[in-house]
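For this chain, numbers begin at 1 and follow the sequence in order. Remember, predicted model here, so these are calculated numbers, not experimental data.
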Amino acid sequence: MIDYAKALNEAQYAAATCGDGPVLVVAGAGSGKTRTITYRLAWLAEQGVAPESMLLLTFTRKAAQEMLHRAGLLCDHALAGVQGGTFHAFAYGILRRFRPEWLGDRPFTVMDSADITAAVKRCKDELGLGKGDRAFPKTQSIVGLLSKARNKEMPLAEVLQREAFHLLPYADGLTELGRRYDAFRRETGVMDYDDLLFELEALLRQDARAAELLRSRYRHILVDEYQDTNLVQARIVRLLAGPEGEAPGNVMAVGDEAQSIYAFRGANVRNILDFPKLFPGARVIRLEENYRSTRPILAVANNLLEHAAESFRKTLFTRREGGSPVRLVTPLSDKSQARLVVERIRELLRTHLPHEIAVLFRAGFHSFALEMALNQAGIAFRK
């Protein structure tokens with residue numbers, strides 16, 4: 001038997017060993033989120049929950065495999081029966097079993113990136129869009145815009161208004177192209193990656209038999225990085241947990257609204273903020289002990305989090321000692337900023353090895369001035 005109380009802190013223990021019903025684990029940065037999920041899987045197995053009844057949804061296959069491997073080691077047996085993987089992989093597997101009716105007798109085919117680009121180009125050529133206009137967006141850019149509109153569930157024109165204002169003159173043509181691309185997939189019996197999620201949602205809403213079979217099989221659903229889910233992914237989780245209007249089943253969502261940084265690709269922070277409303281009766285457990293940072297860094301982080309307009313209030317803390325104070329420096333230009341950083345690096349090199357020093361940038365091109373300054377100072381670096 002695993003000694004959960006010894007292996008986990010109090011909040012982690014509460015999350016890993018909680019009973020039935022919906023649970024939201026608000027996992028602050030560096031608070032042992034993966035460890036908590038791993039022990040949750042092991043605890044469920046020890047309680048007699050069949051691995052086939054567990055569903056682990058993550059944003060990378062590697063993350064799911066790592067958690068399942070660790071949980072298997074804890075239990076002294078593999079949890080091979082657990083369905084673990086990405087939302088898209090899970091949707092693909094379900095749709096292979098419950099084929100959408102509109103496919104008819106045609107084979108089930110999902111396009112890869114090259115296929116999608118070729119299909120959009122074909123539709124663009126059919127409509128005669130962009131001929132002789134060098135400012136018309138490239139096919140790859142169009143693919144990204146169409147996918148973004150789909151994931152954000154907003155009109156393409158609105159996406160352009162917010163994120164690609166210079167392409168607004170082409171809004172009507174691109175919208176027509178989007179409709180033609182939708183029709184093309186239906187005509188040829190193929191799907192793209194985004195279709196997998198929306199087709200799974202349609203199945204759960206329209207096929208009562210399939211929905212009940214899936215709900216009866218997956219008695220415990222765990223979702224990692226819940227703050228990164230988009231609208232359709234959150235609806236899928238809710239539909240798997242039980243019919244709309246009825247009390248939800250056993251769902252554990254793990255995430256942190258303060259780490260929601262993927263809105264640009266469709267993630268919606270409202271999914272995690274509204275979890276207690278969408279899953280009535282949900283418990284909220286906060287993981288606040290940080291194992292990664294020092295106290296000065298957490299003091300700054302907590303100060304920033306206090307100003308959030310809407311959040312699950314939490315105070316990160318650590319038992320780690322030491323740590324230099326965080327300093328805020330406001331230079332007048334890129335050049336003066338680079339000079340300040342070079343001076344600081346020179347100071348650090350007196351007591352630290354070069355590979356122990358790192359400079360972080362918001363975007364790659366922001367490093368240009370510093371690269372020039374480091375070269376002039378004769379300080380070697382690796383980008």
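- Counting only heavy atoms from C-beta outward, the side chains of V254 and T36 never approach each other to under 4.5 Å.
- Nearest approach of S324 to P296, heavy atoms of both residues: O-CB, 3.3 Å.
- How far CE of M252 is from NE2 of H220: 10.0 Å, rounded to the nearest 0.5 Å.
- The shortest heavy-atom contact between T188 and F184 is OG1-O, 2.7 Å.
- For the 3.5 Å distance criterion, the side chains of Q227 and E225 qualify, holding a donor opposite an acceptor.
- Annotation: the span from N9 atom CG to S31 atom OG amounts to 8.5 Å, rounded to 0.5 Å.
- Considering only heavy atoms from C-beta on, K152 stays 4.5 Å or farther from N268 through its side chain.
- Around the CZ atom of F264, the shell of radius 6.0 Å holds more than 12 heavy atoms that belong to other residues, nucleotides or ligands.
- Scanning both residues, E153 and L231, for their nearest heavy atoms gives OE2-CB, 3.4 Å.
- A side-chain donor-acceptor contact under 3.5 Å links T117 and Q140.
- In the hydrophobic clustering (ILVMFWY side chains linked at under 4.5 Å, chained through shared members), F361 is joined by V341, V342, I345, L348, L349, I357, V359, L370, L374, I379, F381.
- Atom CD of Q259 and atom CD of E257 lie 9.0 Å apart (nearest 0.5 Å).
- The environment of R122 atom CZ is sparse: at most 12 non-hydrogen atoms of other residues, nucleotides or ligands sit within 6.0 angstrom.
- Within a 6.0 Å sphere centred on NE2 of H69, other residues, nucleotides and ligands contribute 12 heavy atoms or fewer.
- At least one donor-acceptor pair closer than 3.5 Å links the side chain of N375 to the backbone N or O of E371.
- The pair E347-R344 counts as a salt bridge, with a side-chain nitrogen and a carboxylate oxygen less than 4.0 angstrom apart.
- Under 3.5 Å, the side chains of S147 and D194 contain a donor-acceptor pair of N or O atoms.
- Of all the heavy atoms in Q12 and Y291, the pair that sits closest is NE2-CE1, 3.9 Å.
- Taking Ile, Leu, Val, Met, Phe, Trp and Tyr as members and joining any whose side-chain heavy atoms lie under 4.5 Å apart, directly or through other members, L73 forms no hydrophobic cluster with any other residue.
- A side-chain contact (heavy atoms from CB on, under 4.5 Å) with F90 holds for exactly one of L240, L196, L56, L95; it is L240.
- Proximity of a side-chain donor or acceptor of N250 to a complementary backbone N or O of D20 within less than 3.5 Å is not detected.
- In this structure the side chain of R180 reaches within 4.5 angstrom of the side chain of E126, judged on heavy atoms.
- In this structure a side-chain-to-backbone donor-acceptor pair under 3.5 Å is missing from D274 to K277.
- Between the side chains of Y170 and D133, at least one donor N or O sits under 3.5 Å from an acceptor N or O.
- Between R265 and D228 no salt bridge is recorded (no basic side-chain N to carboxylate O distance below 4.0 Å).
- For the salt bridge (charged side-chain N to carboxylate O under 4.0 Å, His left out) test with D182, the passing option among R185, R179, R186 is R185; the others fail.
- For the 3.5 Å distance criterion, the side chains of T229 and N271 qualify, holding a donor opposite an acceptor.
- The shortest side-chain heavy-atom distance between D112 and Y193 falls under the 4.5 Å cut-off.
- Side-chain contact between L222 and L44 is present, with at least one heavy-atom pair separated by less than 4.5 Å.
- In this structure, E343 does not pair ionically with R339, as no charged nitrogen and carboxylate oxygen lie closer than 4.0 Å.
- Under the 6.0 Å cut-off for aromatic ring centres, F108 and Y92 qualify, their centroids lying closer than that.
- Ring geometry for F87 versus F59: interplanar angle of 30 to 60°, hence tilted.
- When all heavy atoms of V329 and P331 are compared, the closest pair comes out as O-CD, 3.2 Å.
- For F317, the CZ atom counts as densely surrounded, since its 6.0 Å shell holds more than 12 non-hydrogen atoms of other residues, nucleotides or ligands.
- Using a 4.5 Å heavy-atom cutoff, the side chains of M154 and K148 are not in contact.
- By the rule that hydrophobic residues join a cluster once side-chain heavy atoms approach within less than 4.5 Å of another member, I2 and M54 end up as members of one cluster.
- In this structure the side chain of I272 reaches within 4.5 angstrom of the side chain of F312, judged on heavy atoms.
- Checking side-chain atoms of R35 against main-chain N and O of A7 turns up a donor-acceptor pair under 3.5 Å.
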Open item on the list: Working note: L57 + T86, criterion side-chain contact (heavy atoms from CB on, under 4.5 Å); need CA distance, chi angles, decisive distance, verdict.
Closed with: CA-CA 5 Å; L57 294 172; T86 66; over 6 Å; no
- [ ] Quick one: do L298 and S293 satisfy side-chain contact (heavy atoms from CB on, under 4.5 Å)? Show the steps, please.
- [x] CA-CA 7 Å; L298 295 183; S293 300; 4.0 Å; yes
TODO: Given side-chain contact (heavy atoms from CB on, under 4.5 Å), test Q206 with E101 step by step and report yes or no.
DONE: CA-CA 11 Å; Q206 299 168 12; E101 289 186 6; over 6 Å; no
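- Between K314 and E306 no salt bridge is recorded (no basic side-chain N to carboxylate O distance below 4.0 Å).
- With values rounded to the nearest 0.5 angstrom, L74 atom CG is found 15.0 Å from W43 atom CH2.
- Between R270 and E310, at least one side-chain N (NZ, or NE/NH1/NH2) sits under 4.0 Å from a carboxylate O, which counts as a salt bridge.
- Between E66 and R70 there is a salt bridge, since at least one side-chain N of the basic residue sits less than 4.0 Å from a carboxylate O of the acidic one.
- The CZ atom of R40 sits 7.5 Å away from the OG1 atom of T17 when rounded to the nearest 0.5 Å.
- Counting heavy atoms from C-beta outward, I142 and F136 have side chains that approach closer than 4.5 Å.
- Residues E289 and R319 are paired through a salt bridge, judged by an N-O separation under 4.0 Å between the basic side chain and the carboxylate.
- The aromatic rings of F279 and F275 lie parallel to each other, their planes meeting at an angle below 30°, with 60° marking the opposite boundary.
- For P107 against R99, the heavy-atom pair with the smallest separation is C-NH1, 4.0 Å.
- The closest donor-acceptor contact from the side chain of R134 to the backbone of G130 lies at 3.5 Å or more, if one exists at all.
- Shown here is E10, whose CD atom has no more than 12 heavy atoms of other residues, nucleotides or ligands within 6.0 Å.
- By the side chain to side chain contact (heavy atoms under 4.5 Å, CB included) test, R313 is found to be paired with A308, S311, residues two or more places apart in sequence or in another chain being considered.
- Defined by atom type and a distance below 3.5 Å, a donor-acceptor pair is present between the side-chain atoms of Y181 and D192.
- For the atom pair CG of L203 and CD1 of I94, the computed distance is 8.0 Å after rounding to the nearest 0.5 Å.
- Around CZ of R217, the count of heavy atoms belonging to other residues, nucleotides or ligands within 6.0 Å exceeds 12.
- Salt bridge present: E201 and R205 bring a charged side-chain N and a carboxylate O closer than 4.0 Å.
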Open item on the list: If you apply the rule side-chain contact (heavy atoms from CB on, under 4.5 Å), what do you find for V190 with D115, and how did you get there?
Closed with: CA-CA 10 Å; V190 297; D115 295 331; over 6 Å; no
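- Side-chain atoms of S336 come within 3.5 Å of backbone N or O of L332 as a donor-acceptor pair.
- Between D224 and K33 a salt bridge is recorded (basic side-chain N to carboxylate O distance below 4.0 Å).
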